[in-house]
Undergrad: 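Can you read through this structure? Questions will come right after.
First the proteins, then the strands, lettered A, B, ... as listed; each starts at 1. Note: hydrogens, waters and symmetry copies are ignored here, and every other heavy atom, side chains too, is used.
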There are 2 protein chains.
Amino acid sequence: MRRTAKELDASVDGLVARCRAAGMNMTPQRLGIYRALLESYDHPSPEALYDRVRSQMPSISLATIYKTLDTLVELGFASELPSVGDTKRYDANMEHHHHLVCRSCNAVEDFEDEALSAVKAPRRLNGFQPEYVSIHVHGLCRRCSQAKA
Amino acid sequence: MRRTAKELDASVDGLVARCRAAGMNMTPQRLGIYRALLESYDHPSPEALYDRVRSQMPSISLATIYKTLDTLVELGFASELPSVGDTKRYDANMEHHHHLVCRSCNAVEDFEDEALSAVKAPRRLNGFQPEYVSIHVHGLCRRCSQAKA
DNA sequence: GTAACTGCAAAAACTTTGCTGAGTT
DNA sequence: AACTCAGCAAAGTTTTTGCAGTTAC
């Protein structure tokens with residue numbers, strides 16, 4: 001599930017190209033934030049991402065994190081996830097995937113499964129036009145279920 | 001999909017009993033908020049619920065809405081939904097159901113479907129212990145798809 | 001009468017905005 | 001050189017908290 005160095009570079013190249021095409025600059029901050037998000041597998045909040053990026057780039061500001069996340073979402077390089085609780089959550093995994101949600105620690109892990117990806121929306125949805133289906137499996141993550149035992 | 005008067009009364013009775021058992025008072029505010037949530041089918045934010053309750057009970061405060069929603073969630077009479085955007089969303093529908101999420105207006109509608117409810121979590125989840133599956137169908141709601149046409 | 005609860009106001013947490021100087025092309 | 005962007009600080013939202021008076025039991 002982790003991205004290889006090659007995939008990571010390809011994603012970054014994609015962003016560079018897309019920014020050029022849109023007449024936007026490529027700044028070290030924008031690059032660092034995107035890289036940090038690509039290297040995060042826990043759907044970080046803006047604050048959490050701020051801490052990670054700051055370790056590489058101490059002068060960065062939280063406002064830049066927020067602005068850049070908005071930009072990445074607009075450009076289609078990240079998405080804001082539905083989340084319970086106090087802060088927003090982001091993900092740079094743009095491929096179709098499903099989620100494992102731990103009811104104890106609220107961690108959300110990505111996973112892929114062909115059978116689940118084959119699930120289709122019902123035909124009759126009273127006027128609603130379905131586009132894609134996402135599936136959340138709720139339960140206890142490995143760590144929490146071991147902790148209970 | 002709407003609750004009948006009988007179901008509504010049964011839910012309220014359940015809350016009354018549960019509060020008694022927990023040594024909690026039953027106040028008109030708590031009752032009014034729960035009723036208003038039961039009668040809402042659009043997963044209202046605290047602010048939206050505030051407006052609805054206030055029409056019946058003009059002196060109620062927003063802080064009471066927040067505190068009561070926390071209480072209802074703790075007691076298992078409501079749940080906080082995962083949501084994108086700026087505010088929390090609540091639902092008093094505690095039965096297993098799925099969601100239609102509009103990508104244009106962010107409205108979330110409940111729906112039930114036997115085929116979807118039959119979807120099972122995969123066996124191998126790398127230590128994750130699945131408990132239940134919830135399915136989100138993303139797309140355009142009736143109103144938004146008509147607006148585009 | 002006692003304990004729990006509401007409403008208010010203040011505080012805290014999270015997010016957005018306006019501006020100026022700096023960086024990118 | 002022109003335009004975009006980062007960082008800062010201030011403002012805007014949303015949510016939580018502390019407390020005094022009120023209500024439910």
Undergrad: Out of C:dC5, C:dC14, D:dC8, which has the shortest distance to the side chain of B:T27?
TA: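 Nearest to the side chain of B:T27 among the choices is C:dC5.
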Undergrad: Calculate the interatomic distance between B:E74 atom CD and C:dA4 atom P; express it in whole Å.
TA: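 Taking atom P of C:dA4 as the reference, CD of B:E74 is at 14 Å.
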Undergrad: Please confirm whether the backbone N or O of A:T68 pairs with a side-chain atom of A:R30, one donor and one acceptor, at under 3.5 Å?
TA: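 Side chain of A:R30 to backbone of A:T68: no pair is present.
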Undergrad: Look only at the side chain of B:H43 and the backbone of B:V108, and say whether a donor-acceptor pair between them is shorter than 3.5 Å.
TA: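 Such a contact is found between B:H43 side chain and B:V108 backbone.
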Undergrad: Let me spell it out: for each of B:P46 and A:T68, pick the nucleotide of DNA chain D with the closest heavy atom. Which residue's pick is nearer the 5' end?
TA: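 It is A:T68, whose closest nucleotide lies nearer the 5' terminus.
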Undergrad: Between B:D86 and A:R20, which is nearer to the 5' end of DNA chain C once each is assigned its nearest nucleotide?
TA: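 Final value for this comparison: B:D86.
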Undergrad: Could A:R35 and A:D9 be called an ion pair, given the rule that one side-chain N must be under 4.0 Å from one carboxylate O?
TA: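 Salt bridge: yes.
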Undergrad: Any side-chain donor paired with an acceptor under 3.5 Å for A:R52 and A:S40?
TA: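 The answer is yes; a qualifying pair exists.
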Undergrad: Which residue lies toward the 5' end of DNA chain D, B:M24 or B:Y90, if each is placed at its nearest nucleotide?
TA: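 Upstream on the strand: B:Y90.
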Undergrad: Let me know the distance between OH of B:Y50 and C1' of C:dT6, rounded to the nearest Å.
TA: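 One finds 12 Å between C1' of C:dT6 and OH of B:Y50, rounded.
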Undergrad: Provide, to the nearest angstrom, the distance between the CG atom belonging to B:L69 and the P atom belonging to D:dT16.
TA: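 Distance, rounded to whole Å: 10 Å.
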Undergrad: Rounded to the nearest 0.5 Å, what's the gap from OG on B:S83 to CG on A:L81? Could you check?
TA: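 Reported value, rounded in 0.5 Å steps: 11.5 Å.
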Undergrad: Could you tell me the separation between the CG atom of B:D70 and the P atom of D:dT14, rounded to a whole number of Å?
TA: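 My rounded result for the distance is 17 Å.
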Undergrad: Please give me every residue in residues 52-64 of chain A whose heavy atoms get under 4.0 Å of an atom in DNA chain D, ordered by residue number.
TA: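 By residue number: A:S59, A:I60, A:S61, A:A63, A:T64.
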Undergrad: With respect to the side chain of B:N25, which nucleotide from C:dC5, C:dT24, D:dT15 is positioned closest?
TA: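 Of the candidates, C:dC5 comes closest.
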Undergrad: State which of C:dT15, D:dC5, D:dT15 makes the closest approach to the side chain of A:T87.
TA: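 In terms of side-chain proximity for A:T87, the closest of C:dT15, D:dC5, D:dT15 is C:dT15.
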Undergrad: Given C:dT15, C:dT6, D:dT15, which nucleotide is nearest the side-chain atoms of B:Y66?
TA: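 Per side-chain heavy atoms of B:Y66, the pick is D:dT15.
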Undergrad: How long is the line joining CG of B:L31 and P of D:dC25, in whole Å?
TA: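 Spelled out: CG on B:L31 to P on D:dC25 is 10 Å.
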Undergrad: Determine whether a donor-acceptor pair (N or O, by modelled atom type, separation under 3.5 Å) exists between the side chain of B:N25 and the backbone of B:T27.
TA: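 No; zero donor-acceptor contacts below 3.5 Å.
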Undergrad: Establish, with yes or no, whether the OP1 or OP2 oxygen of C:dA13 is under 4.0 angstrom from a side-chain nitrogen or oxygen of B:K88.
TA: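 No.
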Undergrad: Can you check whether A:Q29 has a side-chain N or O nearer than 4.0 Å to OP1 or OP2 of C:dG23?
TA: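 Negative; the distance criterion is not met.
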Undergrad: Say whether B:Y34 and B:Y41 are linked into one hydrophobic cluster, either directly or through other cluster members, by side-chain heavy-atom distances under 4.5 angstrom.
TA: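 In one cluster with B:Y34: B:Y41, no.
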Undergrad: By nearest atom, which of the nucleotides D:dG7, C:dC5, D:dC19 is closest to the B:K67 side chain?
TA: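 From the listed options, D:dC19 comes nearest.
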Undergrad: Give the rounded distance in Å between these two atoms: CD1 of A:I65 and P of C:dC14.
TA: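 After rounding, the reported distance stands at 15 Å.
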Undergrad: Expressed as a whole number of angstroms, how long is the span from B:R89:CZ to D:dT14:C1'?
TA: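 Distance check: B:R89 CZ to D:dT14 C1' gives 14 Å.
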